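Hydrogens, waters and symmetry mates play no part in the numbers below; they use all other heavy atoms, side chains included. As the structure is a prediction and not an experimental result, all values here were calculated from the model.
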2 protein chains.
Amino acid sequence: MLENIILGFLMSGEKTGYDLKQQMLKYTSNFYEASFGSIYPALKRLVEKQFVTSKDMVERGKAKSKYSITRLGKKELLAWLEEPLPSPKTNPDHLVKVFFYEYLPKEKVIENLKILKKDVNQYIRRFEPFKNKAQKSFGNYPDGFKSSTLIFGLNYYRMIIEWTDNLLEKLQK
Amino acid sequence: MLENIILGFLMSGEKTGYDLKQQMLKYTSNFYEASFGSIYPALKRLVEKQFVTSKDMVERGKAKSKYSITRLGKKELLAWLEEPLPSPKTNPDHLVKVFFYEYLPKEKVIENLKILKKDVNQYIRRFEPFKNKAQKSFGNYPDGFKSSTLIFGLNYYRMIIEWTDNLLEKLQK
DNA sequence: TAGGTCATGTAAAGAGTTACATGATTTT
DNA sequence: AAAATCATGTAACTCTTTACATGACCTA
């Protein structure tokens with residue numbers, strides 16, 4: 001997974017391990033993020049497999065290793081992208097707890113659901129400014145597919161708010 | 001995570017490792033499932049921690065180990081449930097690929113999105129019969145919280161269909 | 001000059017899956 | 001008689017995070 005994502009990011013030009021982390025934070029953090037402890041070893045493996053090449057350099061006094069995708073790496077990425085999409089599992093950790101909420105006192109349940117709502121609303125507020133840009137100018141978000149992942153996130157969070165409201169309503173009457 | 005989920009399932013009576021797997025398949029498979037390779041070791045750890053007790057027996061010629069939650073285990077479960085809910089991350093693997101779909105030929109993109117739609121629609125059809133039961137009689141689904149996780153799944157899948165349709169529409173004009 | 005950011009990397013630990021190994025009972 | 005299901009468990013492996021270790025440059 002991570003290896004393929006790195007290949008994807010390298011399609012738009014050479015990057016360092018640090019750059020990759022930044023890009024994930026900026027563009028994919030609502031559905032994917034990796035730590036340095038996984039990024040650097042992944043880059044090493046990709047070099048071994050000849051999917052990327054590395055180039056050591058010093059820029060503004062800082063030692064860097066810039067990685068570029070190879071022909072072989074592009075082939076690999078394409079093969080991965082071509083495969084059918086995995087069925088989206090819901091997976092969110094919060095459901096696992098809610099599933100057992102019959103064992104938690106009602107007041108505590110309501111409290112926790114309200115905190116969740118607040119939390120999710122904060123996410124939405126953080127993403128909303130990007131959304132307009134994404135839909136019209138494609139300014140910050142380079143293309144339609146990338147912005148579609150952002151819109152997905154937004155729709156998802158809105159759905160959670162509705163669902164939480166619904167639960168709260170049922171609980172309070 | 002798994003340990004707490006097991007404790008949750010044991011609240012409704014003693015169960016074997018095999019039973020637990022069945023329950024997950026039936027009730028939580030749209031957001032959580034574990035393999036035997038993780039369930040049995042988890043039960044062992046829970047016994048060590050004195051959160052559950054085990055009882056070996058032979059039933060219909062089959063050697064079984066039935067596990068029960070202890071007072072200490074119940075305390076542990078409650079403490080876990082009381083904590084604030086984790087912020088739901090979107091996480092679905094399919095977004096990771098769509099993010100890089102600019103590199104895949106348009107026809108292939110459309111093809112894959114259509115397959116995804118078909119796939120998700122099958123999920124919905126599988127869940128829909130449970131939904132009515134869940135909303136009214138609480139028959140199969142023991143309580144409101146458990147059915148709310150099912151409704152969450154359904155809403156989620158519906159959202160994906162809408163989102164996919166939207167993308168397809170944009171692509172085809 | 002202190003704190004933040006840029007930059008790379010390793011070691012240990014965690015949490016899980018897959019594959020294997022075994023064997024009885026139940027259904028077809 | 002074969003295949004499916006019930007039932008338990010281990011070993012190897014994978015993928016990842018957290019914490020640590022190091023050090024330079026940039027900004028207030």
**Q** Regarding B/Lys66 and B/Glu59, does a basic nitrogen lie under 4.0 Å from an acidic carboxylate oxygen?
**A**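 Salt bridge present between B/Lys66 and B/Glu59.
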**Q** Starting from P on C/dT8, measure out to CD1 on A/Ile6 and report it in whole angstrom.
**A** 12 Å
**Q** Between B/Leu167 and B/Val109, is the side-chain contact (heavy atoms from CB on, under 4.5 Å) condition met? List the steps.
**A** CA-CA 10 Å; B/Leu167 239 183; B/Val109 168; over 6 Å; no
**Q** Find the distance B/Leu43:CG to C/dA15:P and express it as a whole number of Å.
**A** 15 Å
**Q** Pick base, sugar-phosphate or nothing for B/Glu33, based on heavy-atom distances below 4.0 Å to the nucleic acid.
**A** sugar-phosphate
**Q** If you apply the rule side-chain hydrogen bond (donor to acceptor under 3.5 Å, both in side chains), what do you find for B/Tyr101 with B/Asn112, and how did you get there?
**A** CA-CA 10 Å; B/Tyr101 261 12; B/Asn112 281 356; 3.2 Å; yes
**Q** What is the nucleic acid contact for B/Gly37, judged by heavy atoms within less than 4.0 Å: base, sugar-phosphate only, or nothing?
**A** base
**Q** With the side chain of B/Ser38 defined as its heavy atoms from C-beta on, choose the nearest nucleotide among D/dT16, D/dA7, C/dT17.
**A** C/dT17
**Q** Would you classify A/Lys66 as touching base, sugar-phosphate or nothing, given that sugar-phosphate means primed atoms plus P, OP1 and OP2, and contacts are heavy atoms under 4.0 Å?
**A** nothing
**Q** Atom NZ of B/Lys21 and atom P of C/dG16: how far apart are they, to the nearest Å?
**A**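 After rounding, the gap between these two atoms is 13 Å.
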**Q** Could you tell me if the side chain of A/Val58 sits less than 4.5 Å from the side chain of A/Lys64, heavy atoms only?
**A**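 Contact flag for A/Lys64/A/Val58 side chains = no.
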**Q** Atom NZ of A/Lys44 and atom P of C/dG9: how far apart are they, to the nearest Å?
**A**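 Going from A/Lys44 (NZ) to C/dG9 (P), I get 8 Å.
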**Q** Checking all strands, does A/Glu3 fall into the base, sugar-phosphate, or nothing category for heavy-atom contacts under 4.0 angstrom?
**A**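 The answer is nothing, as A/Glu3 stays clear of every strand by at least 4.0 Å.
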**Q** When the distance from CD1 of A/Ile39 to P of C/dA7 is rounded to whole Å, what number comes out?
**A**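 Atom CD1 in A/Ile39 sits about 13 Å away from atom P in C/dA7.
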**Q** Measure from the side-chain heavy atoms of B/Thr16 and tell me the nearest of C/dA7, C/dT10, D/dT8.
**A** D/dT8
**Q** Assess whether side-chain contact (heavy atoms from CB on, under 4.5 Å) is satisfied between A/Trp163 and B/Ser148, documenting all intermediate values.
**A** CA-CA 8 Å; A/Trp163 175 83; B/Ser148 79; 3.7 Å; yes
**Q** For the pair made of CZ in A/Arg45 and C1' in D/dC13, what is the distance, rounded to whole Å?
**A** 13 Å
**Q** How close or far is atom C1' of C/dT27 from atom CZ of B/Arg60, stated in whole angstroms?
**A** 14 Å
**Q** Among D/dA7, D/dT17, C/dA7, find the nucleotide with the atom closest to the side chain of B/Lys64.
**A** D/dA7
**Q** Could you please name the option among D/dT8, C/dA7, C/dT17 that lies closest to any side-chain atom of B/Tyr18?
**A**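 For the B/Tyr18 side chain, the nearest candidate turns out to be D/dT8.
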**Q** Could you check which of C/dG16, D/dG9, D/dT16 has an atom nearest any side-chain atom of B/Leu2?
**A** C/dG16
**Q** Let me know, please, whether A/Pro41 or A/Lys62 comes out on the 5' side of the other along DNA chain D by nearest nucleotide.
**A**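 Per heavy-atom nearest nucleotide, the more 5' residue is A/Pro41.
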